[in-house]
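Being a predicted model, the structure only gives us computed values, none of them experimental.
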Amino acid sequence: MKDSNSNIQYNNRPQSLNGFEEMVEFLPATNTKKVEKMPLKQKLIIAGVVVGAALLSLTAGLLVWHFAYRNAPVQKVYSGYLTVTNYNFIEAYENPSSPEFAELSSKVIDMLQNTYKADPAIGPYFVQCNVTAFSEGSVISYYWSEFSVPAYRESALDKAMSNLKVQTTILRRQTTLAVGSFVAYPVEVSTARSFRDNYCSFSLHSSPGEITSFSTPGFPNSPYPANARCRWALRADAGHMILLHFKTFKMEACKTPNGDYVTVYDSLTAVEPRIMVKLCGSYPPSYNLTFVSSQNVMLVTLVTDNVGKHPGFMAQFNQIQKTTLCGASMREASGEFATPFYPAHYPPNRECTWDIQVPENKFVKIQFLIFYLLEPGVPITSCPNDYVEVNNQRYCGERAPFVVSNNSSRIVVKFRSDQSYTDTGFTARYLSYEPKNPCPDQFTCKNGRCLDTARRCDGWNDCGDSSDETACTCSDLQFRCKTSQYCKPRFFLCDGVNDCGDGTDELDCKCPDKYLKCRNGKCIPEAQKCDKTDNCGDGTDESQCSEAVVVSCTDYTYKCQNGQCITKLNPQCDGVNDCSDGSDESADLCNCGKRPYSRKTRIVGGVNADIGEWPWQVSLHTTKDGHTCGASLVSPTILLCAAHCFQDAPGIRYSDPSVWTAYLGLHDQGTRTSSKDVVQKKIKRIEANKGFNDYTYDNDIAMLELDSPVSYTDFIQPICIPESTHVFPEGKAIFVTGWGALTEGGSGATILQKAEIRVINQTECNKLLDDQLTPRMICAGYVSGGIDACQGDSGGPLSSVETNGKVYLAGIVSWGEGCARRNKPGVYTKVSAMRNWIKEKTGL
């Protein structure tokens with residue numbers, strides 16, 4: 001936080017002219033004898049006085065500007081490090097209280113002072129300097145220096161410090177100090193405060209085979225302090241590197257420009273060019289927060305604002321043997337390789353080369369499976385800092401899986417990281433292939449990637465270079481975009497989403513000028529919008545007005561607890577009291593759908609969810625089958641699930657509550673009995689909807705009551721139940737989660753899976769599924785297949801993240817024709833259509 005500077009204020013009030021008014025007598029114009037011209041001499045005198053006063057005022061203003069602004073002192077602090085080449089590091093240099101530390105730091109300070117004073121652009125402004133730490137190599141000295149410089153000389157001082165050269169110096173004590181490299185960087189004055197304040201400064205050294213832990217002050221029983229500047233200097237033995245891992249990280253949500261944050265440096269001083277990562281917000285325990293230094297030191301700093309209300313972090317570090325080995329000469333027909341220490345963040349200042357040679361009669365290609373080389377503010381077009389280079393082409397940033405091929409049997413892969421900002425890196429594998437048949441029984445993309453033939457011409461750029469979507473003939477279930485020439489599924493037409501990229505799919509969906517299009521497709525004059533009458537018949541024209549209007553209740557209006565109905569679309573928990581009784585924002589209604597952990601993202605085609613990312617997800621087990629169905633937590637005692645999960649079968653009565661066990665807070669099925677985050681509950685009561693049809697799967701919903709209430713934690717939270725009028729528009733991105741089969745007929749997942757799919761137009765989906773949908777069903781997925789729920793996901797949630805930040809239970813996994821088949825999207829129980837039944841059975 002920068003120190004606030006007082007602003008110079010100028011007084012613009014007109015100055016008094018009384019002195020001049022006394023010299024002029026104003027007389028009535030009728031007295032002609034006394035009306036005479038002023039003598040020239042008198043005029044010159046007055047003009048001279050006016051000019052003199054103006055000059056005096058100007059001079060005074062310039063003096064004020066010169067002394068109050070131009071010469072106003074600016075506090076500047078530089079931090080850096082220098083190498084003392086004629087000293088060897090000893091253990092005593094780790095202890096700032098040791099005589100050896102004091103002696104060497106005194107010599108370094110003398111050298112710095114003499115160097116500064118010898119430079120006319122630096123010396124006059126020097127205030128003080130100090131040494132904060134030493135480390136190996138021969139001896140690296142970390143220091144800070146403070147200056148007070150006139151504002152107009154600030155840039156000159158910055159330039160002089162950046163160009164400063166420190167050479168071998170004869171000190172006043174007649175001792176020679178040989179200095180190698182010298183580095184100085186300006187730092188924020190508020191950051192520099194931590195150099196001088198030792199109340200929250202710690203020095204830790206990890207020994208071989210030892211794991212050393214540290215945490216924010218007060219963790220975990222109380223929040224970290226406000227307005228804190230804490231630093232942890234981490235050390236390992238010579239010839240080692242540091243492996244740092246944040247086990248728990250729960251801080252204030254990221255905000256700019258001020259807020260709470262943690263910074264990790266590949267150094268013992270806080271300088272921008274040596275930052276490895278800057279962290280804020282909260283991360284689930286499964287998130288990769290592991291970092292490796294390039295040397296045997298590391299610095300962790302904590303900066304907080306004036307509000308302290310979060311637990312903070314708990315971290316641990318240990319030393320690992322330093323190695324410069326990176327890359328390999330690979331001569332097998334196939335193989336795998338990755339960035340150093342993957343999946344930890346790769347260390348700074350590292351270069352690796354993999355020289356890959358497959359048999360002479362084959363060609364070689366590289367498949368990058370995971371690729372994260374992203375730095376804040378760095379362009380991914382030129383990749384100047386961290387990058388992978390193949391065939392003279394650099395790759396960086398965050399990329400989906402991609403392939404690089406070579407029309408020869410040899411390929412060279414180079415990796416480079418600079419001295420700042422590291423990332424997870426990459427994993428890759430190389431494959432040899434026959435030149436004439438690079439993808440047996442598959443489609444060959446122009447970039448060399450192999451693709452299942454079913455994904456050809458499905459409307460999705462699966463290759464990454466669009467080669468799978470060129471020269472396609474659209475089927476009856478597709479339409480062609482105008483510019484991209486892609487074949488897209490027909491249910492993308494008129495869904496309000498620009499799927500083509502050129503708007504083709506939405507062009508013919510508009511009503512005439514000055515007409516409004518309703519959600520049901522009807523066109524009405526725009527003049528009828530917000531006239532407090534439902535002219536659309538589905539409430540569209542009254543649902544997005546500037547204010548919620550009380551109207552007669554219909555199937556499309558939101559009903560408040562006092563019986564009034566309002567026109568606003570999805571008013572529930574949006575932060576605005578739309579109901580006169582405030583019931584749309586009541587705590588009982590809105591204390592749901594919160595995700596303490598939520599991270600960036602296919603179930604079939606899914607990916608592992610993060611721990612705590614979907615805290616309402618429940619795993620239902622039977623003693624016979626183990627995990628059988630999913631469910632959603634909606635209150636401390638109530639779960640919502642699919643009715644078809646509880647239909648009796650030969651050998652087991654699934655309708656009997658005693659055969660079921662619910663696991664809440666679960667992520668990994670293998671740890672359900674050992675994880676402290678998991679809560680196990682028995683089921684007290686099961687009530688399936690009496691209208692459930694086991695042939696059509698209509699009304700596929702059931703309520704389960706736990707035998708005792710569960711306490712909410714970071715890993716256990718309820719999802720919001722949408723009201724009957726809540727709209728989940730077609731085209732909306734939505735998530736399905738579960739431990740179901742990863743392939744049709746395959747085995748279930750061990751780790752909770754998540755998949756992002758989209759709500760599909762009901763009419764178009766009904767065509768795909770032979771008119772099997774009812775109004776109590778919602779369709780979601782992809783017509784191209786590849787991503788879907790499957791056996792074992794039944795009963796689990798279809799979660800919708802709304803604009804108010806809360807997550808709503810849009811659907812319950814119900815049925816589908818197979819799993820992830822083309823033209824067969826999944827079908828879910830539409831929870832909003834079952835709202836009255838839920839309220840009747842649960843009181844929620």
Side-chain angles (χ1 to χ4, degrees), residues 491 593 595 598-610 612-620 627-634 639-642 644-645 666-667 669 697 700-701 717 719-722 728-744 746 748-760 762 765 768-769 773 776-802 806-822 824-832 834:
F491 65 77
R595 293 195 290 174
S598 58
R599 296 289 139 217
K600 296 180 181 178
T601 190
R602 277 176 350 187
I603 323 227
V604 178
V607 296
N608 291 348
D610 285 325
E613 188 176 3
W614 310 98
W616 39 83
Q617 175 78 53
V618 179
S619 174
L620 295 177
H627 171 79
T628 304
C629 280
S632 301
L633 181 70
V634 294
L639 311 179
L640 291 181
C641 189
H644 76 261
C645 287
L666 180 63
H667 177 72
Q669 290 285 346
Y697 275 49
D700 190 12
I701 189 171
Q717 291 285 325
I719 191 171
C720 295
I721 306 172
F728 300 99
E730 53 204 43
K732 178 178 176 58
I734 209 160
F735 287 88
V736 59
T737 52
W739 291 273
L742 298 173
T743 58
E744 186 174 338
T750 300
I751 305 297
L752 180 65
Q753 300 289 289
K754 63 178 177 181
E756 183 178 349
I757 54 179
R758 285 176 35 164
V759 178
I760 295 176
Q762 193 85 343
C765 185
L768 295 174
L769 299 176
L773 300 186
R776 289 156 295 281
M777 301 176 186
I778 184 172
C779 190
Y782 292 105
V783 76
S784 58
I787 305 176
D788 195 8
C790 205
Q791 291 88 4
D793 294 319
S794 289
L798 184 67
S799 304
S800 176
V801 184
E802 299 296 282
K806 294 187 177 295
V807 185
Y808 286 79
L809 185 63
I812 296 171
V813 179
S814 183
W815 65 276
E817 295 187 21
C819 302
R821 296 182 184 178
R822 288 171 61 84
K824 300 299 178 184
V827 182
Y828 302 81
T829 306
K830 188 176 182 180
V831 175
S832 60
M834 311 303 295

Heavy atoms only: give me the nearest [X]-[Y] pair and the separation to one decimal.
X      : Y      : value
Gln669 : Ala749 : CG-O, 4.2 Å
Ile760 : Glu730 : C-CB, 4.3 Å
Ala631 : Leu620 : CB-CD1, 3.9 Å
Pro825 : Leu768 : CD-CD1, 4.0 Å
Ile701 : Met834 : CG2-CE, 3.6 Å
Phe728 : Pro722 : CZ-CB, 3.9 Å

Given side chains that start at C-beta, do those of [X] and [Y] come closer than 4.5 Å, heavy atoms only?
X      : Y      : value
Tyr828 : Val813 : yes
Met777 : Ser814 : no
Val807 : Phe735 : no
Thr750 : Trp739 : no
Gln753 : Asn608 : yes
Gln717 : Arg595 : no
Leu798 : Ile757 : yes

Given the rule in the disulfide (SG to SG under 2.5 Å) test, do Cys641 and Cys629 qualify, once you have shown the distances and angles that lead to the verdict?
CA-CA 8 Å; Cys641 189; Cys629 280; 5.0 Å; no

Under the side chain to side chain contact (heavy atoms under 4.5 Å, CB included) test, residues paired with Ser632 that sit two or more places apart
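With neighbours one apart ignored, the set is Ile719, Pro797, Leu809.
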
Thr829 pairs by side-chain contact (heavy atoms from CB on, under 4.5 Å) with which of Leu640, Ile812, Ile778?
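In the set Leu640, Ile812, Ile778, the residue that makes a side-chain contact (heavy atoms from CB on, under 4.5 Å) with Thr829 is Ile812.
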
With sequence neighbours left out, what residues match Trp614 under side-chain hydrogen bond (donor to acceptor under 3.5 Å, both in side chains)?
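Trp614 satisfies side-chain hydrogen bond (donor to acceptor under 3.5 Å, both in side chains) with no residue once adjacent residues are dropped.
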
Any side-chain donor-acceptor pair under 3.5 Å between Ser619 and Gln617?
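Checked: Ser619/Gln617 side chains show no N/O donor-acceptor pair below 3.5 Å.
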
So, taking the atom named CZ in Arg776 and the one named CG in Asp700, what distance separates them when rounded to the nearest 0.5 Å?
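Those atoms lie 12.0 Å apart.
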
